[in-house]
Structure formats: structure tokens, C-alpha cells
Amino acid sequence: QVHLTESGGGLVQAGGSLGLSCVASGNIHAPTFRINTMGWFRQAPGKQRELVATITNDGITHYADSVKGRFTLSRDNAKNTVYLQMNRLKPGDAAVYYCNAETEWSTVLDRYERDYWGQGTQVTVSS
């Protein structure tokens with residue numbers, strides 16, 4: 001079982017900055033278990049959930065066009081943590097932000113994959 005704990009959400013004025021953290025915990029140290037890509041998604045009221053940014057376990061990042069140049073995603077594998085630094089926030093960035101982790105469990109012959117999600121953290125941007 002894997003749990004993702006998010007923190008850092010809150011209220012910020014447009015143009016300001018906010019940082020979101022996501023820490024993976026649980027049975028993550030088993031020798032056959034691995035966390036692969038991690039990232040953040042967001043969902044505004046009445047909107048579809050959308051990708052914000054992802055990062056592979058070797059540090060390759062991908063950003064949605066809407067946040068390129070403003071958001072930075074980093075990863076600390078030793079601490080099982082990803083951090084999303086959000087700068088120059090806009091009202092359109094307001095949403096519930098969800099941490100996501102793609103995980104893998106393997107045996108000699110089998111390989112299983114599963115996505116885990118955090119509970120979500122609210123980001124509100126005032127103008």
C-alpha cells in the first residue's frame with residue numbers, strides 16, 4: 001500500500017508564488033517495488049482533470065503548455081518526494097492539485113503497474 005501526502009496549498013495573490021510537496025509513504029521499500037514517474041494534476045470546478053507536470057525517476061520533466069516557464073517540478077528520490085514550485089500564479093491556476101505516482105511491482109515473471117493519487121490540496125489565486 002502506498003500513500004501520497006500533499007502539502008503547501010493555500011491562498012495566494014495573482015503574480016505570487018506557492019510550493020507544493022508530495023511525499024510517498026507506506027510499503028515503498030520492498031525490493032520488488034519501484035516508483036516510476038511522479039507528477040501533479042489539477043482540476044478546477046466544472047473542468048476536467050488536467051496534467052500539470054511530470055517527472056521520471058531519472059529527472060526528465062514534462063510540463064503543460066499553460067505552466068511552462070512558470071512552474072518547476074523537482075524530485076528527491078531518497079526522500080520519496082516531489083516538489084512543485086509555482087511562480088507568477090494566475091487566476092486560471094486555481095484548482096485542486098493532486099499528486100500522482102506511477103508504481104511498479106515485479107516478480108521473476110510478472111510485472112504489475114498501478115497509479116496512486118493524493119487526496120488533493122486546494123490552490124486559490126486571488127486577483
Review point. With a 4.5 Å limit on heavy-atom distance, are the side chains of Thr54 and Thr61 in contact?
Key: no
**Study point:** Residues, nucleotides or ligands: over 12 heavy atoms within 6.0 Å of Gln48 CD
**Key:** no
Practice item. Applying side-chain hydrogen bond (donor to acceptor under 3.5 Å, both in side chains), run through Glu104 and Asn36 and close with a yes or a no. Key: CA-CA 7 Å; Glu104 174 183 332; Asn36 294 320; 3.3 Å; yes
Check your understanding: Can you check whether Trp105 and Tyr112 have ring centres sitting under 6.0 Å from each other?
Key -> yes
Exercise for review: Could you walk me through whether Met86 and Val12 pass side-chain contact (heavy atoms from CB on, under 4.5 Å), step by step?
Suggested key: CA-CA 11 Å; Met86 305 184 293; Val12 66; over 6 Å; no
**Study point:** Residue pair Glu6 / Trp117, side-chain heavy-atom distance below 4.5 Å
**Key:** no
Exercise for review: Could you grab the distance from atom CZ of Arg114 to atom CD of Gln1, nearest 0.5 Å is fine?
Suggested key: 5.5 Å
Point to revise | Sidechain-backbone polar pair: Gln122 side chain, Gly9 backbone, donor-acceptor under 3.5 Å | key: no
Point to revise | Identified side chain to side chain contact (heavy atoms under 4.5 Å, CB included) partner of Thr103 from the options Ile28, Ile35, Asp115 | key: Ile35
Review point. So if you build clusters from Ile, Leu, Val, Met, Phe, Trp, Tyr with side-chain heavy-atom gaps below 4.5 Å, do Val67 and Tyr83 land together?
Key: no
**Study point:** Heavy-atom closest contact (Ser127 atom, Pro91 atom, distance)
**Key:** CB-CG, 4.2 Å
Review point. Honestly curious: do Val52 and Tyr116 fall in one hydrophobic cluster under the side-chain, below-4.5 Å linking rule?
Key: yes
Practice item. Could you walk me through whether Arg75 and Met38 pass side-chain contact (heavy atoms from CB on, under 4.5 Å), step by step? Key: CA-CA 8 Å; Arg75 178 169 182 163; Met38 298 187 70; 3.9 Å; yes
Check your understanding: Think Arg42 forms a cation-pi with Tyr98, using NZ or CZ under 6.0 Å from the six-ring centre and within 45 degrees of its axis?
Key -> no
Exercise for review: Indicate if Ile55 and Phe41 have the same hydrophobic cluster label, given that clusters are the connected sets of ILVMFWY residues with side-chain heavy-atom separations under 4.5 angstrom.
Suggested key: no
Review point. Any Lys/Arg nitrogen of Lys90 or Asp93 sitting under 4.0 Å from an Asp/Glu carboxylate oxygen of the other?
Key: no
Check your understanding: Does Arg88 offer a backbone N or O that forms a donor-acceptor pair with the side chain of Arg70 under 3.5 Å?
Key -> yes
Check your understanding: Within a strict 4.5 Å, meaning less than it, do heavy atoms of the Thr81 and Cys22 side chains meet?
Key -> no
**Study point:** Residue pair Leu84 / Ala53: nearest heavy atoms and the distance that separates them
**Key:** CD1-CB, 4.4 Å
Practice item. Look up atom CG in Leu20 and atom OG in Ser7, then write down how far apart they are to the nearest 0.5 Å. Key: 8.0 Å
Review point. Is the closest side-chain heavy-atom distance between Leu18 and Leu89 below 4.5 Å?
Key: yes
Exercise for review: Group every Ile, Leu, Val, Met, Phe, Trp and Tyr by side-chain heavy-atom contacts under 4.5 Å, then state whether Leu51 and Leu4 land in the same group.
Suggested key: no
Point to revise | Residue pair Gln85 / Asn87, side-chain donor-acceptor N/O under 3.5 Å | key: yes
Check your understanding: Can any side-chain N or O of Tyr63 pair as donor or acceptor with the backbone N or O of Leu73 at less than 3.5 Å?
Key -> yes
Point to revise | Candidate pair Val2 and Asn27, rule side-chain contact (heavy atoms from CB on, under 4.5 Å), full reasoning | key: CA-CA 6 Å; Val2 176; Asn27 190 24; over 6 Å; no
Practice item. Verify whether the ring centers belonging to Phe71 and Trp40 lie closer than 6.0 Å. Key: no
Practice item. Evaluate side-chain contact (heavy atoms from CB on, under 4.5 Å) for Ser74 paired with Val82, printing each intermediate quantity in order. Key: CA-CA 6 Å; Ser74 59; Val82 291; over 6 Å; no
Practice item. Drop me the distance from Gln13's CD to Leu11's CG, to the nearest 0.5 angstrom. Key: 8.0 Å
